[in-house]
Amino acid sequence: MEKNHQAIEKKWQNRWEEKGVFKAINGSEKPPYYILVEFPYPSGAGLHVGHVRSYTAQDALARMKRMQGYNVLYPMGWDAFGAPAEQYAIKNHIHPKEAVKENIATFKKQMKSIGFSFDWDREFSTTDPDYYKWTQWQFLQFYKHGMAYKEKVPVNWCETCKTVLSNEDAAGGVCERCGSRVVQKEKSQWMLKMASYSEDLLKGLDDTNFADKVKLGQINWIGKSVGAHVDFKIAHHDLTFTVFTTRCDTLYGATYCVLAPEHEYVDIITTQDKKAEVDAYKKACALKNDLERTELNKEKTGVFTGAYAINPVNKKEIPIYISDYVLATYGTGAIMAVPAHDDRDYEFAQKFNIPIIQVLEEVTGTPHDGEEKKNSIVAIVYDEKEKKYLTLNWGKKGGRLFIGGTIKDKETPLECAKREIAEETGYTSLELIKELPKINHHYYAYNKDKYFNIESTGYFFKLKDNSKIEQNLDEDEDFKVEWVSEDVISKEIKDELHMRTYEYAKNPGAMTGDGIHINSEELNGLNKEDAINKMISWLEQNHCGKKQVNYKMRDWIFSRQRFWGEPIPMIYCEKCGWVPMDEKDLPLLLPDVAEYEPTDTGESPLAKITDWVNTTCPKCGSPAKRETDTMPNWAGSSWYFLRFMDAHNNEEFASMDAMKYWQKVDWYNGGMEHTARHLLYARFWVQFLYNIGLVPNKEMIWTRVSHGMVLGSNNEKMSKSKGNVINPDDIINEYGADTLRLYEMFMGNYEQDAPWSTDSLKGCKRFIDKVIRLKDKVGSKTGYSKDLEALIHKSIKKVEYDLTHMAYNTAVSTLMILANAYEEKEELTKDDYHLLLILLNPIAPHITEELNEELGYKPLTEETWPKYDETKLVDSEVGIAISVNGKLRNTIKVPVDSSKETLEELAKNDEKVQKHLEGKEIVKIIVVPNKIVNIVVK
RNA sequence: GCAGGUAUGGCGAAAUUGGUAGACGCGCUAGACUUAGGAUCUAGUGGAGCAAUCCGUGGGGGUUCAAGUCCCUUUACCUGCACCA
């Protein structure tokens, strides 16, 4: 008895629409529940099976919540401004709004054919004048509260798209849209003061229930770092510049400073003899875009200005360089460089031969009371020809070590190292490659029964030739001198000090970790944290610095030189400057024209439409010109979830009453790729509206979750060029919307990517057919079948839990298990079957409604979600695992809640278990009721 | 380089607090019913072995009566950020 899914699905979709069963009612008595999916950009390609996955997931939740008595708001709309529609329009010479209209119609038809329970009454597009009127209105609020300003800034400029890109759009120095290289260009742009919200955006996360990875993404993007400002005077100038550092504890190790090439002092302080070189370098940097800068980060570049800065802590003069590894846009555009403790500075210092002063030494070993202090050395000698290292094999006494020794009076560490090598091994012909960072080591010497704390200096030598003198050993020195390979060293050298010294020799670089300070006067002996605090107090007392917090996040560049975006409602008047449009004149409509190509000068196509551009100043009435830039794509999506709460309001963007009723988006689903940008913009926008009293909460989104992608069957991202695209329309035609929905819920972990499999899809079709067949078993009895009761109650609990915890795949498998149990039975009660239909309805709404109607029940959209009974969740019998020494030996069936003693007896006397107990002594028996018995034997 | 994530049969994957690894589905094998099967049903299906049994959650170590799950270490892949001082 084959069902015609196409007819059934159409029938129920029409019925739902006629009855308006999915309408959310503002101010309803029922508790509100707001479920949101990111509204799509209606592309020409139509709905993607990826959309189906997340919309179905949220739809299942919405349908269950409705049955549970909630007033559910599950809206849908269109984020339709943006480049693709504009490109399409340029190509085909039609207005982008025509293309958008067509695409929306396609999307909407597809969505309806899948049976999503959207409240279509609240539908809108960001391109509707009724909507973007409020986007413009909100921009004016930003402006009026001093949060929007126009400024000439170096911006990311895409030569191909002829537009400015935000840092977010130009991540990695590549245009997000067209993939071409981004160059730097000075342009006057509208900016929103987002950076000033950094701390609030960080703190606000505490008032959300975002997934941890989402929160972390936001935290990283905001990029807070706590440090200090330090003022450096410039020698022979009456000038001071400030650097930002998180490591003011290393000030004594600062051996040079670097200014960004764009820094305002560069021209002033550069000495005559350096001027040509500095100018050339500045010019070269200006030509580089972000990508080239990063590409070249393998090799540091820079130029000495000829000027010197005075280190405030020790009054030493240190050279000032300029280099593009210092960014003009972060911190103060200037740094103090501590090559011993910063990787980048180390690299630069190496290249330019700048001194490296260690001010922090790593600590190894464990401190102990009553330690004796010593200074000592560890010498590593390398034979390049043989590729071997010189070691001393102390046998059982001390294992394998490099050469070590204590520094004698009036001996330098280097002399000590050479002496020890000669005495212990005889080798004398050595070339010093490198002095290694000092290490602070704690250890216990068995031969002397004493604890030591040593400061060890490492030396790395190369063996020049084999010339030797005779060894000169102490009595207690009993070792073999052996040359060994790297392998042997990594296996046999266990001593922490020697191993760390060896690692320093092999991988020279900065020591960026914690330790104790040296060469730092009053900071000596302190760890990193204490030294930072002490230094900050010192800087503040001496008025040459202070504690300072910095953020990576910058202000939001809010202009685009495009046609297809919200016009920025600002007017430029020669007399009055920038004047905001009168609010009552909004919306400022996009004109209808035939040419959308951007201009070569980087102005928006709107600039060519003189009728539109020329206007009068709202303030003084003189002739004036409109702003021709439009808003970025992210503008409309920054507040759309507020509009859904009150979509038809002509007086306000949304009334306070409506927003107070819905409170927050309870459950917001979107792609992981939007966690940094869209979500941050939206939160910033909302926080601003809250601060001016226009929304009820500082955070308007409670839970944010993200979904994995649906990949092609070859495990690659679906794309036309790879030919692995699945069109949902085809699947619906052949298998039905319910099958598609069911499969997409079943395909895998919702938060992870999952490949498409048409075979698995067929399995889901079979399951639906099975549910249809089960109807033949339904008899006239009511109430649940006794032997199914426990499983039924378990299933209700599990499905309910899974749908609210994004475990859709296991919700489906639970239903499959239930159906399998039904199939075993000769006869089912009406209630047995009705229950299965209710539980399955959120995921497969059409077929369940149909079967439900055939059974004579009221529609499932009016049904109440069943309640499970905790007391009926357990079976009367339970399987107990019996293991011996943790290995499973048998499983037995016992009445549920059998006592520990009973289980222990049963386990010991079990035939299969006894075999493993023979001749052994029982040490311990662990009994976990209703789970496991583990017998430990010897 | 930094941060985050993932790693379990031939495949997609399960395993709420450490407690019977592989639920559920796909595929595969054999059989039944059939003119036919891409329908349905029955049985089987992690590996080795006739079996008892042994081995199995990327690799190595550890904690525990007991580890996919906790700790240390290491590898591979994915994603995001990338000179952020």
Side-chain angles (χ1 to χ4, degrees), chain A residues 2 171-173 212-214 216-217 219-221 223-225 227-228 243-248 250 258 290 293-294 296-298 300 323-327 329-338 341-345 347-348 550-554 672-673 675-676 708-709 713 715 742-743 746-749 751-764 766-767 769-770 773 798 801-802 805 807 809-817 819-820 823 879-892 912 915-916 923-928 930-937:
Chain A
E2 187 72 0
D212 284 346
K213 60 176 175 181
V214 175
L216 203 70
I219 290 167
N220 288 342
W221 197 274
K224 178 177 183 170
S225 69
V243 304
F244 174 69
T245 176
T246 54
R247 292 298 304 276
C248 64
T250 62
V258 187
D290 274 356
R293 278 195 174 197
T294 40
L296 292 173
N297 78 16
K298 291 162 212 138
K300 292 271 179 294
S323 171
D324 67 358
Y325 84 92
V326 172
L327 307 175
T329 45
Y330 181 77
T332 59
I335 63 157
M336 66 176 209
V338 184
H341 303 288
D342 181 281
D343 291 322
R344 297 152 296 180
D345 299 344
E347 201 185 321
F348 192 87
N550 244 308
Y551 302 90
K552 278 197 260 186
M553 196 172 71
R554 328 246 168 100
M672 202 53 205
E673 69 277 14
T675 55
M709 272 187 298
S713 50
N715 241 309
L742 194 75
Y743 168 62
F746 187 58
M747 70 195 312
N749 184 323
E751 290 182 275
Q752 282 167 16
D753 295 352
W756 181 269
S757 159
T758 300
D759 277 339
S760 281
L761 175 89
K762 285 177 191 165
C764 291
R766 262 179 238 165
F767 170 67
D769 290 343
K770 182 185 278 185
R773 277 200 314 274
K798 178 78 174 141
Y801 179 93
D802 285 352
H805 290 80
N809 53 342
T810 49
V812 175
S813 75
T814 300
L815 295 167
M816 286 173 169
I817 291 167
N820 288 346
E823 211 179 26
I880 299 283
I882 307 172
S883 59
V884 179
N885 283 351
K887 286 191 174 165
L888 181 70
R889 293 306 172 191
N890 198 12
T891 57
I892 53 169
K912 284 190 189 165
K915 258 201 292 192
H916 297 276
V923 182
K924 203 170 165 188
I925 300 182
I926 290 115
V927 183
V928 183
N930 293 331
K931 283 257 163 76
I932 195 169
V933 180
N934 188 20
I935 304 172
V936 187
V937 297

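Every chain is numbered from 1 and lettered A, B, ... according to where its sequence line falls, protein lines coming before strand lines.
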For the pair made of OH in A/Y801 and C1' in B/A14, what is the distance, rounded to whole Å?
14 Å

Using a cut-off of 4.0 Å on non-hydrogen atoms, how would the nucleic acid contact of A/H916 be classed: base, sugar-phosphate, or nothing?
sugar-phosphate

Ignoring hydrogens and angles, tell me if any N or O in the side chain of A/N715 forms a donor-acceptor pair with the backbone of A/P755 under 3.5 Å.
no

Between B/G22 and B/A14 - P atom distance, rounded Å
15 Å

Between B/A23 and B/G59, how far is it from one C1' atom to the other, in whole Å?
28 Å

Measure the distance from CG on A/N885 to P on B/A66 and round it to the nearest whole Å.
8 Å

Classify the nucleic acid contact of A/I335 as base, sugar-phosphate or nothing, counting any heavy atom under 4.0 Å across all strands shown.
base

Is A/R773 near enough to B/C41 that one of its side-chain N or O atoms lies under 4.0 angstrom from OP1 or OP2?
yes

With P as the reference atom in both, quote the distance from B/A36 to B/G31 in angstrom, rounded to an integer.
15 Å

If we ignore hydrogens and angles and just use 3.5 Å, is the side chain of A/D342 paired with the main-chain N or O of A/A337 as donor and acceptor?
no

Using atom P in both nucleotides, what's the gap between B/U6 and B/C71 to the nearest angstrom?
13 Å

Look at the side chain of A/D753 and the backbone N and O of A/M709, then say whether any donor-acceptor pair between them is shorter than 3.5 Å.
yes

Tell me, do A/Y743 and A/W756 make a side-chain contact under 4.5 Å, heavy atoms counted?
yes

Just call it for A/G217: base, sugar-phosphate, or nothing, with non-hydrogen atoms closer than 4.0 Å on any strand.
nothing

So what does A/D343 hit on the nucleic acid, given a heavy-atom distance under 4.0 Å: a base, only sugar-phosphate, or nothing?
nothing

So what's B/G80 paired with, Watson-Crick or G-U wobble, going by both distances under 3.5 Å?
B/C2

Just call it for A/T891: base, sugar-phosphate, or nothing, with non-hydrogen atoms closer than 4.0 Å on any strand.
base

Under 4.0 Å, counting only non-hydrogen atoms across every strand here, what does A/E751 touch: a base, just sugar-phosphate, or nothing?
nothing

Could you check if the base of B/G9 is syn or anti? Syn means the glycosidic torsion is within 90 degrees of 0.
syn

Separation of B/U69 atom P from A/K931 atom NZ, nearest Å, is 18 Å

In whole angstroms, how far is the C1' atom of B/G19 from the CD1 atom of A/I882?
14 Å

Within less than 4.0 Å of OP1 or OP2 of B/G27, is there a side-chain N or O belonging to A/R766?
yes

Would A/K300 and A/F348 count as a cation-pi pair here, with the cationic atom under 6.0 angstrom from the ring centre and within 45° of the axis?
no

Counting any heavy atom closer than 4.0 Å, what does A/D753 reach on the DNA or RNA strands: base, sugar-phosphate only, or nothing?
sugar-phosphate

To the nearest Å, how far apart are A/M747 CE and B/C11 C1'?
13 Å

Of all the choices, B/U16, B/G27, B/G19, which nucleotide is nearest to the side chain of A/I932 once you look at every atom?
B/G19

Please report the distance separating the C1' of B/U57 from the corresponding atom of B/A7, rounded so that it comes out in whole Å.
9 Å

Over how many whole Å does the gap from A/K762 atom NZ to B/G38 atom C1' extend?
6 Å

When all nucleic acid strands are considered with a 4.0 Å heavy-atom cut-off, which category describes A/I926: base, sugar-phosphate, or nothing?
base

Tell me whether the side-chain N/O atoms of A/N820 come closer than 4.0 Å to OP1 or OP2 in B/G25.
yes

Write down the partner of B/A85 under the Watson-Crick or G-U wobble criteria, each distance required to be under 3.5 Å.
none

Value in whole Å for how far the P atom of B/U40 lies from NZ of A/K770:
9 Å

Taking atom types as they are modelled, is there a donor-acceptor pair under 3.5 Å from the base of B/C65 to the side chain of A/N934?
yes

A/R889 side chain near B/A66 phosphate (N/O to OP1/OP2, under 4.0 Å):
no

Roughly, in whole Å, what's the span from NZ in A/K224 to C1' in B/A3?
19 Å

With no hydrogens and no angle check, do the side chains of A/S225 and A/Y330 hold a donor and an acceptor under 3.5 Å apart?
yes

